[in-house]
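The block underneath contains the structure these notes are about, expressed in structure tokens.
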Amino acid sequence: TARDGDRARQRALCVRQLARSSARFSSGNIAVRAAAAPVLSNLRPFSFVASSQRTRWIEQTRITSSVGVFCRQYSDLPPLTLETIQQRVMYVLKLYDKINPEKLATSSHFMKDLGLDSLDQVEIIMAMEDEFGFEIPDGEAEKLMSPQEIVHYIADKNDVYE
Amino acid sequence: MTAATRNQVLSLYMRVFRIARGWQSTLPQNTEGERQYIVREAQTLFRQNQQLTDTESIKKCIDECVARIEIGLHYRNPYPRPIHLPIMGLATQKGRKLKAQQRMRKQANPVYLQSHDEDS
């Protein structure tokens, strides 16, 4: 699905950033960098950049020169910002078939402006749970009646600074 | 329809969706189909009974939903279990026997099949 493609792309971004930073900090050999950039073939241009940086780094400090300083690669989704949360929320709402995408705005109330009922609102909240991967309890899910409120709630739950 | 029943109905709806999200079928190739069936069935039945206003029938529908959830979770089978006709058999179109038959069939209908139309 498109969502999985988005997530895969974001993870690829993270792996690329990690590969770059790990190549900078570890003066290991090419095997480390190759291990850091596993499958994605478009990472090859980065290895040239990293190698030039590596030579610069080695001139400055001699860290351990031994074989394969393996650095752990943790992968995680990129940190949420308010804009990304909003984009994702609007994207999910646009995909919902009972909503007219032209009429959708951030402050449109589900029941009054968009003409949905409470069952639809439950379905929308379920879709948000699926998208952001955490459970929204029942009592609070009922009160979320517009995309803006949903964005605020998710930002609260995930400690996204405003 | 009071606020209490409304909350109950909405939380049941959410519960069914959460069950559908984590549903694993006994045969792995049926998992996706059964998940979609659960979601679709919930949507149709809840919408069909959306307009009910008297407490009695709302309570019956809530009981039906709970019964189907429990039975489905227990037997790992989301489809409702069909029942046999009661012993009287099918009547002719005329006469008192028809009414008695219909009454008996209605009584024999279990709680988890209330929202389904009779096919016969």
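Residue numbers begin at 1 in each chain, while the letters A, B, ... track the order of the sequences. Because the structure is predicted, anything quoted here is derived from the model rather than measured.
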_Can you confirm whether Arg76(B) is buried at CZ, in the sense that more than 12 heavy atoms of other residues, nucleotides or ligands lie under 6.0 Å from that atom?_
yes
*How many angstroms lie between atom CG of Asp130(A) and atom CZ of Phe17(B), to the nearest 0.5 angstrom?*
10.0 Å
_Would you say that more than 12 heavy atoms from the other residues, nucleotides or ligands in this model lie under 6.0 Å from the CD of Glu56(B), or not?_
no
*asked:* Could you see if Leu45(B) belongs to whatever hydrophobic cluster contains Met126(A)? Use Ile, Leu, Val, Met, Phe, Trp, Tyr and a side-chain cutoff under 4.5 Å.
replied: no
*Step-by-step side chain to side chain contact (heavy atoms under 4.5 Å, CB included) determination, Glu123(A) to Tyr13(B)*: CA-CA 9 Å; Glu123(A) 289 179 27; Tyr13(B) 198 50; 2.6 Å; yes
*asked:* Taking the side chain as everything from C-beta on, heavy atoms only, tell me whether Leu10(B) gets closer than 4.5 Å to Gln121(A).
replied: no
_Most contacts with chain B, counted as non-hydrogen pairs under 4.5 angstrom, among Val122(A), Asp138(A), Asp117(A), Leu119(A)_ = Leu119(A)
*Please step through side chain to side chain contact (heavy atoms under 4.5 Å, CB included) for the pair Arg47(B) and Asp120(A), ending with a clear verdict.*
CA-CA 10 Å; Arg47(B) 294 221 177 263; Asp120(A) 295 324; 2.6 Å; yes
*For atom NZ of Lys59(B), is the number of surrounding heavy atoms from other residues, nucleotides or ligands below 6.0 Å larger than 12?*
no
_Could you check whether any side-chain heavy atom of Arg6(B) comes within less than 4.5 Å of a side-chain heavy atom of Glu142(A), counting everything from C-beta outward?_
yes
*Name the member of Gln43(B), Met14(B), Arg18(B) that forms the most heavy-atom pairs with chain A at distances under 4.5 Å.*
Arg18(B)
*Side chain / backbone / both / neither for Arg15(B) at chain A, heavy atoms under 4.5 Å*: neither
*Do Val151(A) and Phe134(A) share a hydrophobic cluster, counting only Ile, Leu, Val, Met, Phe, Trp and Tyr and linking them when any side-chain heavy atoms are less than 4.5 Å apart?*
yes
_Starting from Leu80(A), can I reach Met128(A) by hopping between I/L/V/M/F/W/Y residues whose side chains sit under 4.5 Å apart?_
yes
